[in-house]
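Everything on this sheet refers to the single structure shown next.
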Amino acid sequence: MKVSCTYTTIITANIFFILFLVPVLFYIKRQKDTFHKKEIKMILVFFWILIIRLFTPFEYPVTYSVYITDLYAKACEILRDTKILNINIMIFFCVISFCGTMILSIVRISQYRRFLQLLSYGETIQHIPIQNMFGKTIEIPMKQIKFINEVFLVGLLKPMIIVPEVLAGKEEYIIEHELEHFKNHDQWYKLLVDILCLVYWWNPLVYVLKGYIENILELRNDFSVTKNMTEKEKIEYADTIFLHMKEKNKMKLGLGLTKNLSKTRIYSLLIEKTKKTTKFYFVMIILILYSFFVVIEPRGVLNLNHGQFTLEEDNLYLIKEREGYSFYINDEYMGNIEEIPKEFFELEILELREENR
């Protein structure tokens, strides 16, 4: 059996995405804006695995099928049999989804190019040497833009740090924070999440996931920058974060969904939180890894007419022939098959002696 992608594997990937994301978001919300650095690492690992699951809605040779009847089977039947404009509804949805992805991609690329053109008018005031992912030392230009009111890193292959024309003081902390984004390859991770949002633009939860990931990356870098700081330096750093977030003049949702991000970052840095156990995230990671090898299939309840039958383990068996297999239902010969379908793997297979063939 080859690796395949079907409508049920896509549905399965989205079901598991919702099934595992929602409880973790509730767990994060209950932390009351204070996180331990090990918590942040585990949350990021969980989110990356969840993203990979959405990017790989495939069925593998070792995939186990779980059959569900009733509502799920009826929903799959509608997707399979209903037509819109003489086109199967599932194919229609795939076409709409692909067209939406292409349109949004063109819009986003166009917006990004215009944004880079605006940044090209800035004045380079400094070059910061730093090692890239290949161990080569490069110089990241720091540009001053008059219509910008925040410090941020932009660019993948040719990164640059943008700073406002009027500096509020202690920008070295924020610049160090942005350099940490570069060291951790966060721009590439954010690109991956953006692509996910383009592919699954019709799923509102991917945008929720994107917001959480962006906030958690900020918090992770705060811990990384301040790991060797004194308490006084941490307070100065936290004060700089507060001023910087205030200058941005935009309130982002924090990790608890009710508070702003600056409060979450400051609380997590200054409040010594007891090291959290990672059992919850560990269990969730194991479960979602298990989900890579499970596909949810529909099994309808049939109203059988005369001459129709169902395939069950107790009424069907196979007999190995020289070439292929012959199969019997209720002891009645039904025909030959060359290979055993995955649905028949657990059925009884008989091998006759040579003289009986």
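Note that the numbering runs from 1 along the sequence shown for the chain.
Listed for the Tyr207 side chain is a donor-acceptor partner under 3.5 Å among the backbone atoms of Trp201.
When all heavy atoms of Pro57 and Cys5 are compared, the pair lying nearest together is O-SG, 3.5 Å. Scanning both residues, Phe293 and Val62, for their nearest heavy atoms gives CD2-CG2, 3.7 Å. When all heavy atoms of Val3 and Pro61 are compared, the closest pair comes out as CG2-CD, 4.3 Å. In terms of heavy atoms, Lys234 sits closest to Thr226 at CE-O, 3.4 Å. Residues Thr34 and Glu39 share a closest heavy-atom pair of O-OE1, 4.3 Å. Contact detail for Ile296 and Thr12: the closest heavy-atom pair is N-OG1, 3.0 Å.
For the pair Tyr60/Thr63, a side-chain contact is recorded, criterion being any heavy-atom separation below 4.5 Å from C-beta on. Put simply, the side chain of Leu205 reaches to within 4.5 Å of the side chain of Leu21, judged on heavy atoms. Proximity of Leu287 to Leu19: side-chain heavy atoms (C-beta onward) are nowhere separated by under 4.5 Å. The shortest distance between side-chain heavy atoms of Glu176 and Glu172 does not fall below 4.5 Å. Counting only heavy atoms from C-beta outward, the side chains of Ile125 and Pro141 never approach each other to under 4.5 Å. Side-chain contact between Glu297 and Thr8: present, with at least one pair of heavy atoms (C-beta onward) separated by less than 4.5 Å.
Annotation for Tyr290: atom OH does not count as buried by contact number, only 12 or fewer foreign heavy atoms lying within 6.0 Å. Heavy-atom contacts from other residues, nucleotides or ligands closer than 6.0 Å to CG of Leu71 number 12 or fewer. With a 6.0 Å radius and a threshold of 12 heavy atoms from other residues, nucleotides or ligands, Lys41 has its NZ atom at or below the threshold.
Taking the side chain to side chain contact (heavy atoms under 4.5 Å, CB included) definition, one finds that Glu233 meets it with Tyr173, Met229, Thr230, sequence neighbours left out. Residues passing the side-chain hydrogen bond (donor to acceptor under 3.5 Å, both in side chains) test with Thr9, sequence neighbours excluded: none. Applying the side chain to side chain contact (heavy atoms under 4.5 Å, CB included) criterion to Pro23, with sequence neighbours excluded, gives Met284. For Phe223, there are no ring pair (Phe, Tyr, Trp, His ring centres under 6.0 Å) partners at least two apart in sequence or on another chain. For Ile130, the side chain to side chain contact (heavy atoms under 4.5 Å, CB included) partners two or more places apart in sequence, or in a different chain, are Ile138, Ile140, Leu179, Phe182, Lys183. Taking Lys74 as the reference, nothing meets the side chain to side chain contact (heavy atoms under 4.5 Å, CB included) condition, with sequence neighbours excluded.
Both Ile18 and Val199 sit in one connected hydrophobic cluster of ILVMFWY residues. Membership requires side-chain heavy atoms under 4.5 Å apart, directly or through other members. Cluster membership for Tyr121 and Phe115, using ILVMFWY side-chain heavy atoms within less than 4.5 angstrom, is not shared. In this structure, Phe280 is a member of the same hydrophobic cluster as Phe26, with clusters built from ILVMFWY side-chain heavy atoms closer than 4.5 Å.
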Next item on the list: Could you walk me through whether Asn14 and Leu54 pass the side-chain contact (heavy atoms from CB on, under 4.5 Å) test, one step at a time?
Entry: CA-CA 7 Å; Asn14 281 273; Leu54 271 186; 4.0 Å; yes
Next item on the list: Would you sort out whether Phe55 and Ile52 count as a side-chain contact (heavy atoms from CB on, under 4.5 Å), showing the intermediate values?
Entry: CA-CA 5 Å; Phe55 272 125; Ile52 293 172; 5.6 Å; no
Next item on the list: Take Leu119 and Ile162, measure what side-chain contact (heavy atoms from CB on, under 4.5 Å) needs, and give me the verdict at the end.
Entry: CA-CA 8 Å; Leu119 297 182; Ile162 306 301; 4.1 Å; yes
Note to self: Test side-chain contact (heavy atoms from CB on, under 4.5 Å) on Glu178 and Met142; report intermediate values, then the result.
What the structure shows: CA-CA 11 Å; Glu178 296 304 319; Met142 187 163 66; over 6 Å; no
Distance-only check: which donor-acceptor pairs under 3.5 Å involve side-chain atoms of residues 186-194, not counting sequence neighbours?
from: Asp186; atom 1: OD1; to: Arg220; atom 2: NH2; distance (Å): 2.4
from: Asp186; atom 1: OD2; to: His181; atom 2: ND1; distance (Å): 2.7
from: Asp186; atom 1: OD2; to: Arg220; atom 2: NH2; distance (Å): 3.0
from: Asp186; atom 1: OD2; to: Asn221; atom 2: ND2; distance (Å): 3.2
from: Asp194; atom 1: OD1; to: Lys210; atom 2: NZ; distance (Å): 2.9

Side-chain polar contacts of residues 92-113 - donor-acceptor pairs under 3.5 angstrom, sequence neighbours left out - could you list them?
from: Ser97; atom 1: OG; to: Trp202; atom 2: NE1; distance (Å): 3.1
from: Thr101; atom 1: OG1; to: Ser97; atom 2: O; distance (Å): 2.9
from: Thr101; atom 1: OG1; to: Leu198; atom 2: O; distance (Å): 2.8
from: Ser105; atom 1: OG; to: Thr101; atom 2: O; distance (Å): 2.6
from: Ser110; atom 1: OG; to: Arg114; atom 2: NH1; distance (Å): 2.9

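Here the CG atom belonging to Leu269 is positioned 12.5 Å from the CZ atom belonging to Phe35, to the nearest 0.5 angstrom. Taken from CG in Leu217 to CD1 in Ile40, the straight-line distance is 9.5 Å, to the nearest 0.5 Å. In this structure, CG on Asn184 lies 9.5 Å from CG on Leu44, to the nearest 0.5 angstrom. Taking CG of Asp222 as the reference point, atom CD1 of Ile216 lies at 12.5 Å (rounded to 0.5 Å). Rounding to the nearest 0.5 Å gives a distance of 11.5 Å between CD1 of Ile15 and CZ of Phe20. Taking CG of Leu289 as the reference point, atom CD1 of Ile49 lies at 4.5 Å (rounded to 0.5 Å).
Cluster note: Tyr267 groups with Ile271 through ILVMFWY side-chain heavy atoms spaced under 4.5 Å, whether in direct contact or through intervening members. Ile10 belongs to no hydrophobic cluster, as no Ile, Leu, Val, Met, Phe, Trp or Tyr side chain comes under 4.5 Å of its own.
Using a 30° and 60° split on the angle between ring planes, Tyr212 and Phe47 fall in the perpendicular class, above 60°. Using bins of under 30°, 30° to 60° and over 60° for the plane-to-plane angle, the ring pair Tyr281/Tyr27 lands in the perpendicular bin.
Pairs engaging residues 42-55 under the side-chain hydrogen bond (donor to acceptor under 3.5 Å, both in side chains) rule: Arg53-Ser291 [sequence neighbours left out]. Sequence neighbours left out, not one pair with a member in residues 122-141 passes salt bridge (Lys or Arg N to Asp or Glu O under 4.0 Å).
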